[in-house]
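Okay, structure first, notes after.
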Amino acid sequence: MKERNEIEEKYKWDLSSYGDDESFFDELKKLEPFIDGVKQFKNKLGDGDQLLKYFRYCDEFYEQFIKLNTYVSLREDQDQSVAKYQEMSDACQKLYTEFSVNSTYADVEICKLPIAKLKAFAVDPKFSDYSVTIKEYIKSKSHMLSEKEEKLLAGMSMFINDDSEIYSKFANVDIKYQDANDSAGESHEVNEAIYSVYMQNSDRVLRKNAYHSLINAYKDCIHVLAANYAMHVKKNAFFAKQRKFKSVLEEALYSEDITENVYNNLIKNVTEHLVLDQRYYKLKAKMLGIEDFSTYDTRVDVLKSEHKEMSLGDALASARKILAPLGQEYLELFDTAIKDRWADFYPNKNKSTGAYSTSAYGANPVMLLNFNNDEEYISTIVHEFGHSAHSYYSNNYQPQRKANYEIFVAEVPSTVNECLYYLDAINSAKTKEDKVRAYSKFFEIVHAVIFTQSKFSEFEKNVYDAEAKGESLTSEKISDIYFSLNEKYWGDAAICPQISRYEWSYVTHFYYDFYVYKYVTGFISAFLIASKIYGGDNDIRQKYLHFLTRGCEAEPLELLKDVGIDLTKKSTYDEVFNKIEEMLNDYEKIVNKKIRA
């Protein structure tokens, strides 16, 4: 793998809208007066003019601070071995903690205001930029602690996320993988960036060995990883209790106005349709001719074709074609993102694995990618650009306090783009072989997003339920919970090796706390939206593009309802699974084999 300095500049992100190394500490120093300055509003926030000044004062601080903090985070992710970015990150954290401690009085003071007064502020035109913020204060009144307690919690922010940081350093820097041999005895380097390519390789020996290499690297440290995750779970349970929530799940859903019924019904609706996923993989096993079909066989190409390489230029051109149904303005934004270097395209030593998009108000969005010359990486490019476009539109159409859309809707735009990718591939296929390949890719993303993320969601719930019952979260207990779900979701469609019980330990998102269910709701919503846009429904397209501009100006479920998606209704899930079943029936006809569970 290349060193960072061996990659051409045009393939690296331009972070100049966030900051730079030379001026970083000078810019951070400019924010220091805010630490004491924020105290000037104490005991004055019942006055509307003072409250408005306080909000604007905080906006000024946070807009600049978030850009600087994001800058450091991005620099760390591009090369985690550079020590100076850790120093810069620590400086940011120190400043943030001091500001937070000195401003904790404000949340308590505002929450103590009479509801009638807060409601009056919320509808006052001069508070129009802050109506959502004020409504959050009204909602938070029952979970706000005393000023002393809030100050104590704010002071703990310096180390409160140490468990996540420990895991990140292990997974991205310290972990070492054994090489994997193929059927000819040739050795292959294993790392996170290339692992997915091996799992799609037609050489079953290489797939199995690469899988074991990855899992064994985590298994060798499973007791430490389990202790770290257990600490994370217990910490969250403690803070949820202090905030007067019944559970961590309730707290996680609370901020986005999502009920536990939405979460539980999602799992229920998905598990009622596991047969669709299992039908696909039973068919795949027969097509591959593998009787002892295992989970490490699930991602191989059914046509047994070799990994198809594609240049970055061709991948970007294909991505643009796929996004065409969204209209000219959307395509022009895609062109801008490439021209202005929003993306960091290639992997390098010590760069964070995976892919993401992030942004800060007042700066352009950016995307961390790890393009591996794989044709299928096009789906990742359009996915992450979906996030970036959402951020761009929200930041440009909304004031700062309303621009930061909730995570619940964050996965919709990215997945709309991804669904357009799969629909385009299926419908533009010219041959039976192309059709089979396109359909298999679609069903595997359905598996990865709907079924796997539902399994992860159920795993998180079961782990936190076990903690709430006072059960000890040992490595064995956590692994047992995961393995039982693995067998439930796969059924008799695939063998789950015993080592798969440790797969949970490499899922970074378990440190994000009840995040992954949003991938499922995001896909359910996005698939319906993309299907209609791809089919030429201009009304839905216009509503969807408007949705991208709305940030958090309304509750997430309401934003989706305005695009025609109601996640409180079983009929929404039924519509999606009925469409998926129709596509599966068509796929079975194409390959001339029908499998029924």
Side-chain angles (χ1 to χ4, degrees), residues 13-47 49-80 82-111 129-130 133 136-137 144-162 164-165 168 358-366 395 399-404:
W13 49 25
D14 177 3
L15 301 182
S16 58
S17 63
Y18 291 83
D20 58 68
D21 287 8
E22 290 73 23
S23 67
F24 174 82
F25 283 105
D26 289 338
E27 292 300 318
L28 201 64
K29 191 172 184 62
K30 291 177 183 178
L31 296 179
E32 290 180 0
F34 284 85
I35 295 172
D36 286 329
V38 75
K39 296 176 183 178
Q40 66 184 287
F41 301 100
K42 190 169 184 177
N43 299 321
K44 300 176 183 178
L45 298 179
D47 177 80
D49 290 338
Q50 289 295 312
L51 181 61
L52 189 59
K53 287 180 181 178
Y54 167 75
F55 284 152
R56 289 171 176 168
Y57 189 86
C58 289
D59 284 355
E60 185 181 354
F61 171 81
Y62 281 119
E63 180 173 348
Q64 184 59 19
F65 172 78
I66 291 172
K67 283 196 287 187
L68 291 171
N69 192 53
T70 303
Y71 173 79
V72 175
S73 176
L74 295 170
R75 288 299 191 201
E76 279 194 294
D77 283 350
Q78 72 182 32
D79 188 344
Q80 296 198 25
V82 180
K84 71 176 180 179
Y85 295 126
Q86 181 63 57
E87 179 188 354
M88 292 159 73
S89 178
D90 291 344
C92 279
Q93 189 62 51
K94 181 176 182 294
L95 179 74
Y96 174 77
T97 299
E98 291 175 353
F99 183 83
S100 297
V101 168
N102 284 355
S103 60
T104 50
Y105 73 86
D107 288 344
V108 177
E109 194 172 317
I110 295 170
C111 281
D129 287 356
Y130 303 100
T133 300
E136 286 298 314
Y137 277 117
M144 187 61 59
L145 306 179
S146 69
E147 181 180 345
K148 182 179 180 180
E149 290 169 324
E150 290 291 346
K151 194 169 185 177
L152 176 63
L153 293 184
M156 295 172 68
S157 64
M158 285 285 285
F159 55 84
I160 203 170
N161 292 317
D162 281 358
S164 300
E165 181 67 16
S168 177
T358 192
S359 67
Y361 200 79
N364 56 263
V366 290
N395 288 345
Q400 185 176 348
R401 295 288 181 113
K402 293 182 178 179
N404 192 23

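Just so it is clear, the model here is predicted, and its values are computed rather than measured. Reckoned from all heavy atoms, side chains included, excluding hydrogens, waters and symmetry mates.
- Looking at Lys148 and Leu152, their side chains never come closer than 4.5 Å, going by heavy atoms from C-beta outward.
- When all heavy atoms of Ser359 and Tyr18 are compared, the pair lying nearest together is CA-OH, 3.4 Å.
- Panel note: side chain Thr97, backbone Gln93; a donor-acceptor pair is recorded below 3.5 Å.
- A side-chain hydrogen bond (donor to acceptor under 3.5 Å, both in side chains) check over residues 49-58, counting only residues at least two apart or in different chains, returns the pairs Asp49-Lys126.
- Counting heavy atoms from C-beta on, the side chains of Cys58 and Arg401 come closer than 4.5 Å.
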| message | Show, in sequence, the C-alpha distance, side-chain angles and deciding distance for Tyr361 and Tyr62, and conclude whether the ring-ring contact (aromatic ring centres under 6.0 Å, His included) test is met. | response | CA-CA 9 Å; Tyr361 200 79; Tyr62 281 119; over 10 Å; no
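- If you run side-chain contact (heavy atoms from CB on, under 4.5 Å) between Phe61 and each of Ile66, Leu95, Val38, only Leu95 comes through.
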| query | Passes side-chain contact (heavy atoms from CB on, under 4.5 Å), Cys92 versus Phe24? Steps please. | reply | CA-CA 10 Å; Cys92 279; Phe24 174 82; 3.5 Å; yes
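- Across Asn395 and Ala363, no two heavy atoms sit closer than the pair ND2-O, 4.5 Å.
- Within the 4.5 Å cutoff, no side-chain heavy atoms of Glu109 are placed close to those of Phe41.
- Contact record, Lys39 with Asn102: CE-ND2, 3.3 Å, taken as the closest heavy-atom pair.
- In this structure, the separation between CZ on Phe34 and CZ on Phe65 is 12.5 Å, given to the nearest 0.5 Å.
- Residues Ser17 and Lys67 share a closest heavy-atom pair of O-CD, 3.5 Å.
- A salt bridge (Lys or Arg N to Asp or Glu O under 4.0 Å) check over residues 15-25, counting only residues at least two apart or in different chains, returns the pairs Asp21-Lys84.
- Heavy-atom minimum distance, Leu15 versus Leu74: CD2-CD1, 3.6 Å.
- Residues passing the side-chain hydrogen bond (donor to acceptor under 3.5 Å, both in side chains) test with Glu27, sequence neighbours excluded: Lys30.
- Under the 4.5 Å side-chain criterion, counting only non-hydrogen atoms from C-beta, Gln400 is not in contact with Phe55.
- Rounding to the nearest 0.5 Å gives a distance of 11.0 Å between CG of Asp36 and CZ of Phe99.
- Here CD1 of Ile110 is found 3.5 Å from OH of Tyr137. Values are rounded to the nearest 0.5 Å.
- Between Gln86 and Asp90, the side chains place a donor N or O and an acceptor N or O closer than 3.5 Å (distance only, hydrogens not considered).
- Here the straight-line distance linking atom CD of Gln80 with atom CZ of Arg75 works out to 14.5 Å at 0.5 Å rounding.
- Formation of a donor-acceptor pair under 3.5 Å by the Glu63 side chain with backbone atoms of Glu60 is not found in this model.
- Taking 4.5 Å as the limit, some side-chain heavy atom of Tyr130 sits within range of a side-chain heavy atom of Leu52.
- Summarising the local packing, CG of Asn69 is surrounded by more than 12 heavy atoms from other residues, nucleotides or ligands at distances under 6.0 Å.
- Taking each heavy atom of Ser89 and Val72 in turn, the nearest pair found is N-CG1, 3.5 Å.
- The CG atom of Leu145 sits 10.0 Å away from the SG atom of Cys111 when rounded to the nearest 0.5 Å.
- Of the inter-residue distances, the one linking Thr133 atom OG1 with Asp59 atom CG reads 7.5 Å to the nearest 0.5 angstrom.
- In terms of modelled atom types and a separation under 3.5 Å, the side chain of Ser146 and the main chain of Glu149 share a donor-acceptor contact.
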